[in-house]
Every structure is written in structure tokens, then in C-alpha cells.
Amino acid sequence: MNGIALKPGQVDVSHGPILYLEDVSVSFDGFKALNNLSLYIDAGELRCLIGPNGAGKTTLMDVITGKTRPDTGSVFFGQTIDLLQMDEPAIAQAGICRKFQKPSVFDMLSVFENLELALATDKGAWATLFAKLNGAQRDRIEQVLETIGLVELRSQPAGILSHGQKQWLEIGMLLMQEPKVMLVDEPIAGMTHQEVERTAELLLSLQGERSIVVVEHDMEFVRSIAKHVTVLHEGSVLTEGSMDEVQNDPRVIQVYLGD
Amino acid sequence: MLLKNDKAALSVLAVLAAISLIVPVCNLVFAPGSPLYFSSYTVSLLGKYLTFALLGMSLDLVWGYCGILALGHGAFFALGGYAMGMYLMRQIGSRGVYGDPLLPDFMVFLNWKELPWYWHGFEQFWFAAIMIFLVPGVLAFLFGWLAFRSRVTGVYLSIITQALTYALLLAFFRNEMGFGGNNGLTDFKEILGFNSQSDSVRACLLMASGLILMLAFLVSRWIVNSKLGRVVTAIRDQEMRVRFLGYRVEMFKLWIFVFAAMLAGIAGALYVPQVGIINPSEFSPLNSLEIVIWVAIGGRGTLYGAIVGAVLVNYAKTLLTGWMPEIWLFFLGATFILVTVLLPDGLVGFWQRRLQEQKQ
């Protein structure tokens, strides 16, 4: 379960990309969810993935986070860490964190406790049993509460939050994990117009420090944040480029509008 | 701190303290006929209920908090019981029917010449006391290690826990196993040098059961209120999500499962001297199902709900099996269905909701 050659926490990005996916194929009962897909994500970039339903966006995230094992291909984190040798918790601890399409926060726990669970720290069973928050960790949770605008709701159970607030809480949980790569699946579903704007600001402010991969259907939102867009279709990369380039690509138009 | 603002937990603790201190003292101090006298029958009955309460509470940790519907939890109770039974057998010494100083009666009867290796050490109480939680703990560890690592969950896991206890039932029935086969271990004479049938020993056993239950309750409460407790609840609600937060879900399940198995073993060890026998029927899958029903009726995920459920259901069992034994299982089944349909949070959940409504 250990694909780490450098010290934990060290990712070799000296050649630029932080994620390398090469010739990745996944099939479910004969259906090719990913078909020889190759994709590189640079360190610090904000990348948007778009594509019609069934293009393989969620499967791609499943492969990167260890939920789904590809039939063929290779997936590397930096140049040295082979993600296919690691399971989900190991990948998460190495610094690849994921927000799910359906907001999945822990309804029974308070907002604060949700963030506390996500906190980057020793996640062994015994360490967790005796865990106590220190000052710096408390400050970090406060800081994230502020960033996601849920300071007042900190002691409320997460179950009572609105859909948009749950999305924010989940983004907050990502931040607590101090990730190097954030995979964000449909961050703005169920958000009001204002919330969408704040989400865009937040994601933009985070790039550079971390790499962010956003999957989103809302083209207006994608246009507002993305410099670089990758279009997936039938399990492979159809094209890549700026939003304008991509939107004017006849193949993309055909895929979205049909023949 | 641990109990601040939790009236339900405090009242359960107070009742437990009263039962485990007042009842045995009154039994010993007052003469039969006095209004303050509790009969020895009551003492041993209450002692038995409290061991069931500990067993139910240990299942609540696994099922109510971690969402693992273990249908073989009785196996750990029985193993703890057998460990205690082995100690009690060794205490009989040469007072058995056959008068063999070393071999228990059933071994003489089977023409065994030597004490099997795994019976050594049990003449010492400290050794037996360790085995009482070590044996269930090791079995739970091996079983959980294999099951949780292969990500067996839900109904499949429930079925294999049931198979585990059934396999042990069949194994312990065999005379060759060296645990007394069908008849199990019984005819105990002494515990720690005292006559195990005497009133004062029964009173002490009730006291010990109550105190250990209270201690186990406080420790379990500390665990479920710790961060580990929150991870465990999170696993119950969204196992996949917890993995993506970087927690090794199987390790947390294993931790709570092994801890609960140890508590169940201790409960079994307290049960055996109070009823005077341990036999393979304790491994019966039906027993394990009954534990689940206690917890469901009392209310899951509160710890004290399981205690209340175990005591009430077993009290009803004592009453009904004395009055009309044939209807007991129908009654249990009907109650289980009614509670599941009408009171999904069990009796304590129902009371708590009533109290809240009154406040508003």
C-alpha cells in the first residue's frame, strides 16, 4: 500500500505537472467509461473539466482518488508517486482531496465537528481516540469557518444546512485537509447567484497554492473561473484550450448540440 | 464533564448504583419477612439482568454507533463465560463426583488421562481474568481483520457473524473439544475461595456486575464522545466519505468491534457464576438475535437505551416464561415489530421526544 518513494508530503513536480494520467481505460460490463484517456494537470493550475453526461468525468475522479481501479494505464502524483498502488485513505493523506457531486457532509455532526474530522493530522485509531485540538488547529478551523461563511452555524448539526451551505462546508472540509490537489465535482449545484460568485472567488484565490480540478456543467461559471478547459467525450479527451477556443471548436459544438 | 446536562444518563447511573448497592446490602442485613428484605432470588435475577445490560450496551457500540449489525455478538459473551467457567471448574478440585484432583468430572468420564494444554493456567484467577477479555478480543480481531479489510458490509457481514457463532455452537457441542460438550461446565463450588452458592457471594456478584457495568458505561461514553467516536458515527452514516478524508475505516471498525467483544466477554464471565452453568446453547444464533432486539427496543446509539432495553426485555421474559412459556417468542417478535415500526428510536428515544414536547 505504499507507493511513496520520497518522504510523505513531498511531491516531485519538477517537470511541471502534478497529476499524470496516461492511457487510462476503465470499463463497466463492456461499457468503456474511460477510453485511453491521457491528461496532465500542472502544479498550481485551475483546470475545468466539461463534457456531456456519461463523458467519464466522475469516473476520472474515481480513478484518481483510488475508488476505481483502471483496467489499463498509469496514474502518477508528481513524478514518483504511483497512485495505482495506493488505497483511498493513502491517496487522501498524500494530498489529493475530493468534493463529491452530491454534498456528503456528516448530518449528525456539527459544522465544527465536520471540519475537525477533516483536519490534516494523524488519522490512526489510537491517535484519534486521544486527539485534542491544539491552539493552531483551533485557529485553522476558525479561519476556514470564516472563509466558508458558516461561523454562526458552527455548533448546528450539518443536517440543517441548505444545499448551498452544505456545498460550502464540503469545500471547507477540503481546505482542512491541506490538499495539494483538490478535485471539485459540481461545486455550485443548488447555490444562489451570490453564493456562486463567492465560490468562484474562493476557487480563484486558491489556485497557485494548490492545483484545482473542477467538474461543472454551468458554462457561465466555467467561463468565469477557467483559463484552461478540457472537454471529455465518450471517455477520452476531445480537446483542450481556453474557454473561447473550446467553445468555438466544431467538434465540441457537435458533441453538445448533437448532429 | 462527561455527564454534564445529560439527565437520562445520570438517572440510569443513579438507578444502577441503587440496584448494585442497596439490593445486595438489604439482602444480607435484613431478615426474610422484613419489608426491606430482597430475596436471594431477586438478587441473582438482578445480577443476571445487569450482565445482559452490559452485553446489550457492548452491542450498541458496534451496531448503534458504528452501524455494524453483528448477529453473532453472543459468541463473545459465551467465550468470556467459558473462560470463567474453566476457572470455576478448576476450583472444584477433588470435590468432584470422581474425586480427581486435577481433571474435571467430564474428562474423567471421557477417560481422559491428562488435562488438555489449554486448561492450564485457569486454576489461577488472574489468568482466567485476562482470558475473559483476551479470548473474545483475539477472536474479534481475527474475524474483524478479515471481514472489514475485505470490505464486507451490510447483510453479508451480518450473515457471517451469525455463521461464526453457529460454528462455535457446533464446535462446543463436541466432547473432543474438551469443554464438557453438550452439558457444558457446571457444579461449581467456589469462587475466590468462597462458596459460590452462598447469599453473600451472590450479593457480591450483583454488586460487581453493577459496578463493572457503570464503569463500562462511563468508559464507553468517553469513547463515543471522543473524536474516534465521531469518526465511528461518520462511518455509520457515510463510510465512503470517511475513507476519502484519509481515515482507514477498517481500523476504526476493528477497534470498536474488538472493544465491544471484550466487554461482552466480561459480561459473560459475570453471568456464569450467577447462573451456575455455561453450555453451548449460549452460542445459539437465537441468543445473539435477542441481544439485537434488546438494543432496538431500548433505543440505539445512546448506550443507556441498550441498558434499559436489556433489563426490561429480560424482566418481561422472566414474567412471561413463568406464566405462559409458549407465548414468549411470539411476544418478543411482536414487540420487536411494534417498536421498529412505531418507535424507531426505541423506548428512550420515545421518552426523550415526549420530554421535549412537554418543554415546548
Side-chain angles (χ1 to χ4, degrees), chain A residues 1 8 61-62 64-68 86-100 102-110 112-133 137 157-159 169-170 173-174 176-179 182-183 185, chain B residues 1-2 5 61-62 64-68 137 140-141 144-145 148-151 153 218-260 262 300-302 344-345 349:
Chain A
M1 289 297 155
M61 295 212 165
D62 287 347
I64 297 171
T65 52
K67 191 178 175 203
T68 301
M86 297 157 76
D87 62 1
E88 302 98 319
I91 292 173
Q93 283 181 13
I96 298 180
C97 299
R98 172 176 189 183
K99 190 204 89 64
F100 286 76
K102 199 176 116 231
S104 34
V105 297
F106 303 110
D107 287 350
M108 305 282 281
L109 301 176
S110 72
F112 186 91
E113 288 167 342
N114 268 278
L115 294 176
E116 184 206 10
L117 278 202
L119 176 77
T121 177
D122 185 347
K123 287 181 172 164
W126 287 103
T128 308
L129 179 64
F130 294 107
K132 276 207 148 229
L133 289 174
Q137 291 171 332
L169 176 54
E170 219 186 335
M173 287 163 75
L174 279 192
M176 290 305 305
Q177 295 179 73
E178 313 283 350
M182 289 170 67
L183 305 174
D185 204 348
Chain B
M1 275 252 293
L2 204 55
N5 295 329
L61 284 171
V62 173
Y65 286 90
C66 199
I68 302 168
F141 183 84
W145 176 257
F148 301 143
R149 230 173 38 127
S150 340
R151 301 196 181 174
T153 54
L218 290 173
V219 172
S220 301
R221 222 177 133 80
W222 177 75
I223 290 171
V224 299
N225 285 334
S226 74
K227 188 175 173 189
L228 177 127
R230 291 194 283 283
V231 173
V232 162
T233 339
I235 290 172
R236 176 191 68 194
D237 296 339
Q238 298 202 52
E239 181 168 337
M240 224 15 185
R241 187 73 189 89
V242 179
R243 263 198 199 108
F244 286 114
L245 287 181
Y247 293 98
R248 293 202 175 279
V249 163
E250 59 274 20
M251 287 309 180
F252 286 80
K253 286 184 171 178
L254 195 57
W255 199 99
I256 203 84
F257 190 62
V258 169
F259 178 75
M262 288 177 169
R300 265 180 294 165
T302 55
D345 305 326

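Bear in mind the structure is a predicted one, so any value in this text is a computation, not a measurement. Convention: sequence-line order gives letters A, B, ...; per-chain numbering from 1.
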For A:S110, which atoms come within 4.5 Å of any heavy atom of chain B: side chain, backbone, both, or neither?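 Neither; nothing under 4.5 Å.
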Trace of the side chain to side chain contact (heavy atoms under 4.5 Å, CB included) decision for B:W222 with A:L129: CA-CA 9 Å; B:W222 177 75; A:L129 179 64; 3.8 Å; yes
Can you tell if the side chain of [X] reaches within under 4.5 Å of the side chain of [Y], non-hydrogen atoms only?
| X | Y | answer |
| --- | --- | --- |
| B:K227 | A:T121 | yes |
| B:M251 | A:K123 | no |
| B:L245 | A:F106 | yes |

Rounded to the nearest 0.5 Å, what separation is found between the [atom1] atom of [X] and the [atom2] atom of [Y]?
| X | Y | atom1 | atom2 | value |
| --- | --- | --- | --- | --- |
| A:D87 | B:R243 | CG | CZ | 8.0 Å |
| B:F244 | A:M173 | CZ | CE | 12.5 Å |
| B:R241 | A:K102 | CZ | NZ | 11.5 Å |
| A:T128 | B:F252 | OG1 | CZ | 3.5 Å |

Any idea which of A:R98, A:M176, A:E116, A:E113 has the most non-hydrogen atom pairs under 4.5 angstrom with chain B?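 Heavy-atom pairs under 4.5 Å are most numerous for A:E116.
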Where does B:V242 contact chain A at under 4.5 Å (heavy atoms): side chain, backbone, both or neither? both
